[in-house]
2 protein chains.
Amino acid sequence: MKATTIYDVAKEAGVSIATVSNAINGKGKVSKKKRDEIFKVMERLQYQPSVIASALMGKKTYTIGLLIPDVSNPFFSEIARTVEDLAHSEGYSVIVCSTDNKDDRVEKYIRLLEQKSVDGILIGTGVENADILTQLAEKSLPIVMIAREAVAMPVHSVLTDDFKGGALAAEHLLGGGHRQIAVLSENFKVTSSYERVRGFRFALFEAGIAVDDESIISCDSSIKDGKRAAAVLIRGENRPSAIFCCNDLLAIGALQAAKEAGVRVPEQLSIIGFDDTILSTVTNPALTTVAQPMDQMVKLAFDLLIRSAENTDEIKQRIVMQPELIVRESTSTPAN
Amino acid sequence: MKATTIYDVAKEAGVSIATVSNAINGKGKVSKKKRDEIFKVMERLQYQPSVIASALMGKKTYTIGLLIPDVSNPFFSEIARTVEDLAHSEGYSVIVCSTDNKDDRVEKYIRLLEQKSVDGILIGTGVENADILTQLAEKSLPIVMIAREAVAMPVHSVLTDDFKGGALAAEHLLGGGHRQIAVLSENFKVTSSYERVRGFRFALFEAGIAVDDESIISCDSSIKDGKRAAAVLIRGENRPSAIFCCNDLLAIGALQAAKEAGVRVPEQLSIIGFDDTILSTVTNPALTTVAQPMDQMVKLAFDLLIRSAENTDEIKQRIVMQPELIVRESTSTPAN
DNA sequence: AACGATTTACAAATCGTTTGCAAATCGAGC
DNA sequence: GCTCGATTTGCAAACGATTTGTAAATCGTT
């Protein structure tokens, strides 16, 4: 059975389609009597305007895209959920795209979203070449980067002060008396991780502590890889008394490596994560970590996205939020 | 700058739009010479056909909807990721909708997806009234339920034998010598949970063990609620030696309640979960749980969805998969 | 009753595709 | 060179909405 169209409603209500359209959108004047009649018919026929057709006439599609590395990663699935709630409350739907941080996927998905005429794209994954974003900007497709740096790109962005976050972690460890400290990082191409490590090292440097390069390991962002990398750190000849991990996944890997090696956390080894995902509350010991105010960030980013749909060529904003240290159980003063 | 349309390509290539369309879709015959010319122009102009316009002509939108209770819940975010990968590999995008198990949301989101002319909907959340599904079936909008029962509904479904899963958990606990057993369940309106509990109790019944009603608690599906509910069980006068939780979230709540009450898991209390999410590998002790073969299930469901788009009014299938017990560290023989 | 001033309703054009059918082109056979 | 199928191409009508300009209906005044 075909869906009912505006023609069916018009015929049934004895008016023209223009009048039905006006009644629905509250545009031109429609007498109360006809309007009531039209709504009654719409109700009876279960009429629902086709978003497709009205999008073709240049109206919005009420759909936005969300680009993230991986929805099944708790950090991003929490973002996705917040985006979704915000979006739905304003009548939008969201198409989720997991890029696995692969550049070609980023590009492919952006093209796809463009073809589908989304009203905007929220990007929470790294973007290599600014070209594609410039093209979209020219087509005035709103884009907002979230939790990722976007230097020299024609887009709004809202992110955390990752450098500061790294420093926060360093200060906490320093305060606990740690001197032998290692770092577990995601691939340095991920700017947020790079900044975190930079901030971390800077704070240590200021305190007169050096981190030798062998104690900084970078690997893929997964529990498994974190575990493997942490294992070599732990088995190494001068085992660190603390490990700073660029995200919670890596920190959990480290926790597992420690457990397997029989070293107790936090008594023999302190571990600190980043992101404050649900995972960090679930481990035992619970993970000390650095939190980003994600809900606020997402809200800001979403508003920016929707607003910039109306108000294009406005100056691109770069909003940076402050991270916060969340002390739980995985860190302490070193035993020695 | 406006996007390039099929007209631009046609004019530039010196042919009609019909020919361009044919060249793209490989429909009517187009001479090699013109086809090459057309593709060259498309390349040069960066032409991308508008999905909107072609959808209006009755073609597919290459978009599907995914209805789940909550993307930020690891069980569902893992499903979402699998769906997404499958979808993208076939050129589809997926709109994710979190329903929080609220009936009105389910209905609202389905209507929304319908308006947007998605090619199909994958439902992983409970649906109260079959009416709405019947309507969609009449409009021949393909629907597949996943991990949820759909009795008397005109849709395909692929799910786990939850009854069996519950029994598996019971047998494991029984094998460990437990006799004093409690159950932590999600709201019984969630059919999968209901079945799990039913299967669990049945297996105990067959072994001659009874679970008194006070030892079966149902609450919202979250760590916090699980913790609260488990706490009363643990503090109760005759503390169980084992708790069967209908999903991993509740099990983690139980784990936390135990930790807080100072009872050791699994020495003093065994806890078993359900779903085998990433969370169950992260806790300490790692969670014994019942796994559903989600990847397979999602693949099956997706294929059913896409295939039933072509082949409508085919008989509705109900595929049921077998659950598997995953023994980790949170269960053991009771201490007494 | 007739007038202009307002409302209200409508017909037609438009958005960017697909598609059935007619027109044009082509190659081959005589 | 002409005719006849076969093959390519293009025209024009959808698809389901929005929007604009204009005609018709309504209203209040005199």
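Small disclaimer: the values here were computed from a predicted structure and weren't measured. So that the names make sense, note that chain A is the first sequence line, chain B the second, and so on, each numbered from 1.
Under the 3.5 Å distance criterion, the side-chain polar atoms of Arg148(A) are left unmatched by any main-chain donor or acceptor of Thr191(A).
In this structure, the side chains of Met321(B) and Leu159(B) stay at 4.5 Å or more apart for every pair of heavy atoms. Using a 4.5 Å heavy-atom cutoff, the side chains of Lys116(B) and Arg111(B) are not in contact. Residues Glu12(B) and Arg44(B) form a side-chain contact, since some pair of their non-hydrogen atoms from C-beta on lies under 4.5 Å apart.
Within the structure, every side-chain polar atom (N or O) of Thr19(A) is placed at least 4.0 Å from both OP1 and OP2 of dA9(C).
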Scoring nucleotides 16-28 of chain D by protein non-hydrogen atoms under 4.0 Å (B base, S sugar-phosphate only, - none) yields BBBB---------

With sugar-phosphate taken as primed atoms, P, OP1 and OP2 and all else as base, the protein-contact string of nucleotides 23-28 of chain C at under 4.0 Å (heavy atoms; B, S, -) is ------

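Neither side chain, Glu78(B) nor Ser72(A), offers a donor N or O lying under 3.5 Å from an acceptor on the other. Counted by atom type alone, Thr125(B) and Asn101(B) present one or more donor-acceptor pairs between their side chains at under 3.5 Å.
The two residues Met153(A) and Glu128(A) make their nearest non-hydrogen contact at CE-O, 4.0 Å. Shown here for Ile52(B) and Ser117(A), the closest heavy-atom pair between the two residues is CG1-OG, 3.4 Å.
Between its two ends, the helix from dA1(C)-dT30(D) to dC30(C)-dG1(D) turns its axis by 50°, counting five pairs per end and rounding to 10 degrees.
Under the side chain to side chain donor-acceptor pair (under 3.5 Å) criterion, Glu149(B) pairs with Arg318(B), not counting sequence neighbours.
Among pairs with a residue in residues 98-118 of chain B, those fulfilling ring-ring contact (aromatic ring centres under 6.0 Å, His included) read His88(A)-Tyr109(B), at least two apart in sequence or across chains.
A tilted orientation is assigned to the rings of Tyr92(B) and Tyr62(B), their planes being inclined by 30° to 60°.
Of the residues Lys33(A), Lys32(A), Lys40(A), the one that meets the salt bridge (Lys or Arg N to Asp or Glu O under 4.0 Å) test with Asp36(A) is Lys32(A).
Of the residues in residues 29-46 of chain B, not one places a heavy atom less than 4.0 Å from an atom of DNA chain C.
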